[in-house]
Chemist: 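Mind looking over this structure? Questions follow.
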Amino acid sequence: MTKSLFGRVLPLFVLAAALSLMVAGCGGGSGGGGGGGGGEDVSVASDIAYPPFEFEKDGEPVGFDIDLLDEIGKRAGFKPEYKNVGFDGIIGGLSNNQYDVVISAMTITPERKKRIDFSDPYFNADQSLLVPSDGGIGSVDELGDATVGVQIGTTGEIKANEFKDQGKITGEVRTFDTIEDAFAALNNGQIEAIINDLPVSQDEVNGSGGKLEIVQVIATGEQYGIAFPKDSDMRQDVNKALAEIKEDGTYEEIYKKWIGRAPEEIPE
Ligand code: ARG
């Protein structure tokens, strides 16, 4: 006679149970599957449509912010897992702990600081007025009833609304979900100008073959920070790694790679 069913199945069962324990043991030991010694996975949200800070190349996020945070992660012992998120909802999502970190060329503002925490500043920026080179608009004071595009939820939108309140813009301030949508509308002639972060609009000018130009730098002195939910225990470690990166020449390397020149000054 053959062995009883029980006799054949039980050893298999024991083997399977042992295997699953081994697998579980491995996962636990690596602290949540950081993998390859890269440390713990950390979920990072960004609006990945903001070159040269974050954009997609061959399906992968690349840019200044990505290089900077990857380097910070190496030094602080975590591995960023990037999630593409609309900028407008990004602060809400962070304050609800939907992700651990935001890096998205985000300006540190007192309003935002009420809801989230920021790292030390990592980039000095200003706003800018971007127009078609043949458009006949030479400054904010010449906007009149032009339609001005902005990305929704940004400091560019805030600036444009300030100009509207001051009567410098009498036309529409039109919001777009991404700055790339706004650039497309400008290139199609649907809008006549864009108010947006200088380094990003400059990048668009560089790729426009002379079709676009920045006619005014709007000096806001804003600074970008990496953002966390309130009281995150990551903030200190990130600041420490960031300080080293600014100090040892790595910051300058990343800056040159993505901005195309050395930084005038490194924010402290
Ligand atoms: N610096 C501006 C702000 O904080 C614009 C940031 C937009 N970032 C992005 N990835 N779309 O409002």
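Worth knowing before you read on, the calculation uses all heavy atoms, side chains too, and leaves out hydrogens, waters and symmetry mates. Both ligands and their constituent atoms are indexed starting at 1 by order of listing.
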Chemist: Under the rule for ring-ring contact (aromatic ring centres under 6.0 Å, His included), what residues qualify as partners of F123, not counting sequence neighbours?
Modeler: F53, F64, Y224, Y255
Chemist: With nothing but distance in play, are any N or O atoms of D47 less than 3.5 Å from an N or O of ligand 1?
Modeler: yes
Chemist: Under a plain distance cut-off of 3.5 Å, with no hydrogens placed, do E222 and Q127 share a side-chain donor-acceptor pair?
Modeler: yes
Chemist: When you compare ligand 1 with D197, is there at least one nitrogen or oxygen pair between them that comes in under 3.5 angstrom?
Modeler: yes
Chemist: Does any N/O atom on Q151 come nearer than 3.5 Å to any N/O atom on ligand 1?
Modeler: yes
Chemist: Between D141 and S139, is any side-chain donor less than 3.5 angstrom from a side-chain acceptor?
Modeler: no
Chemist: Could I get the full list of side-chain hydrogen bond (donor to acceptor under 3.5 Å, both in side chains) partners for Q190, not counting sequence neighbours?
Modeler: none
Chemist: Measuring from the heavy atoms of Y224, does anything fall under 4.0 Å of ligand 1?
Modeler: yes
Chemist: If you measure every N or O of A105 against every N or O of ligand 1, does any of those distances drop under 3.5 Å?
Modeler: yes
Chemist: Looking only at side chains, do N196 and S201 share a donor and an acceptor under 3.5 Å apart?
Modeler: yes
Chemist: Is a side-chain N or O of D67 found less than 3.5 angstrom from the main chain of I254, in a donor-acceptor match?
Modeler: no
Chemist: May I ask you to identify the nearest protein heavy atom to atom 5 (C) of ligand 1, giving residue, atom name and distance to one decimal place in Å?
Modeler: Y50 OH, 3.4 Å
Chemist: Please determine whether any non-hydrogen atom of R112 lies less than 4.0 Å from an atom of ligand 1.
Modeler: yes
Chemist: In Å and rounded to the nearest 0.5 Å, what is the NZ to OG distance from K240 to S119?
Modeler: 15.5 Å
Chemist: Run down the list N84, D88, T155 and name the one with the heavy atom closest to atom 2 (C) of ligand 1.
Modeler: T155
Chemist: Among all protein non-hydrogen atoms, which one is nearest to atom 8 (N) of ligand 1, and what is the separation to 0.1 Å?
Modeler: S104 O, 2.8 Å
